[in-house]
*Asks:* 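Sharing a structure, written as structure tokens. Questions coming.
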Amino acid sequence: MAKWEYALLVRRRTARIDEAGWEITFTWYGPDGSMLDVTPLGDTALAHLNHAGLQSWELVAVTEDPSMPGTSELHRYHMKRPVPAPVPRQRAFPASRIRRG
């Protein structure tokens, strides 16, 4: 049975008071509970999704927060990827060389 790990990419667009207009930020919420500002990796959601895809992440859903009309937007990109199978531990001695008593 396949096992999955999940992550979340969040895009926030907020109105700015100065003449810059809008501020867009991207935050990555990793499967280990980490939170990382990934805004410097690109200025579009596609750039971030392509970056995640190169790391084997697959987009499974997109949601938008409808409670933020007008001056803010919040989009969530839900990602998953298979958990790598654990590498079997090697025995110190081959089973055929162990003498039983």
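Just the heavy atoms: all of them, side chains too, but no hydrogens, waters or symmetry mates, feed the values below.
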*Asks:* Say whether Tyr77 and Val60 are linked into one hydrophobic cluster, either directly or through other cluster members, by side-chain heavy-atom distances under 4.5 angstrom.
*Replies:* no

*Asks:* Please report the shortest heavy-atom distance between Ala7 and Pro31, naming the atom on each side.
*Replies:* CB-CD, 4.2 Å

*Asks:* To the nearest 0.5 Å, tell me how far Met79 CE sits from Ser56 OG.
*Replies:*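 The CE atom of Met79 sits 10.5 Å away from the OG atom of Ser56.
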
*Asks:* Tell me, do Glu23 and Thr25 make a side-chain contact under 4.5 Å, heavy atoms counted?
*Replies:* yes

*Asks:* When rounded to the nearest 0.5 angstrom, what distance separates NE2 in His75 from CD1 in Ile24?
*Replies:* 10.0 Å

*Asks:* Just verifying a value: how many Å separate Glu64 CD and Arg11 CZ, rounded to the nearest 0.5 Å?
*Replies:* 9.0 Å

*Asks:* Are the charged groups of Glu5 and Arg81 less than 4.0 angstrom apart, N to O?
*Replies:* yes

*Asks:* Restricting to side-chain contact (heavy atoms from CB on, under 4.5 Å), what partner residues turn up for Val10, sequence neighbours left out?
*Replies:* Leu8, Arg12, Tyr29, Leu74, Arg76

*Asks:* Are a donor atom and an acceptor atom from the side chains of Thr63 and His78 found within less than 3.5 Å of each other?
*Replies:*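 Checked: Thr63/His78 side chains pair up, N/O donor to acceptor below 3.5 Å.
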
*Asks:* Rest of the hydrophobic cluster containing Tyr6 (Ile/Leu/Val/Met/Phe/Trp/Tyr, side-chain heavy atoms under 4.5 Å)?
*Replies:*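 Trp4, listed by chain and number.
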
*Asks:* Assess the residue pair Leu9 and Thr27 against the criterion (side chain to side chain contact (heavy atoms under 4.5 Å, CB included)); give the C-alpha distance rounded to whole Å, side-chain angles, the decisive distance to 0.1 Å, and a yes or no.
*Replies:* CA-CA 6 Å; Leu9 174 66; Thr27 307; over 6 Å; no

*Asks:* Hey, can you pull the donor-acceptor pairs under 3.5 Å for the side chains in residues 32-43, sequence neighbours left out?
*Replies:*
residue	atom	partner	partner atom	Å
Asp32	OD1	Ser34	N	3.0
Asp32	OD1	Ser34	OG	2.7
Asp37	OD1	Thr39	N	3.0
Asp37	OD1	Thr39	OG1	2.6
Thr39	OG1	Phe26	N	2.9
Thr39	OG1	Phe26	O	3.4

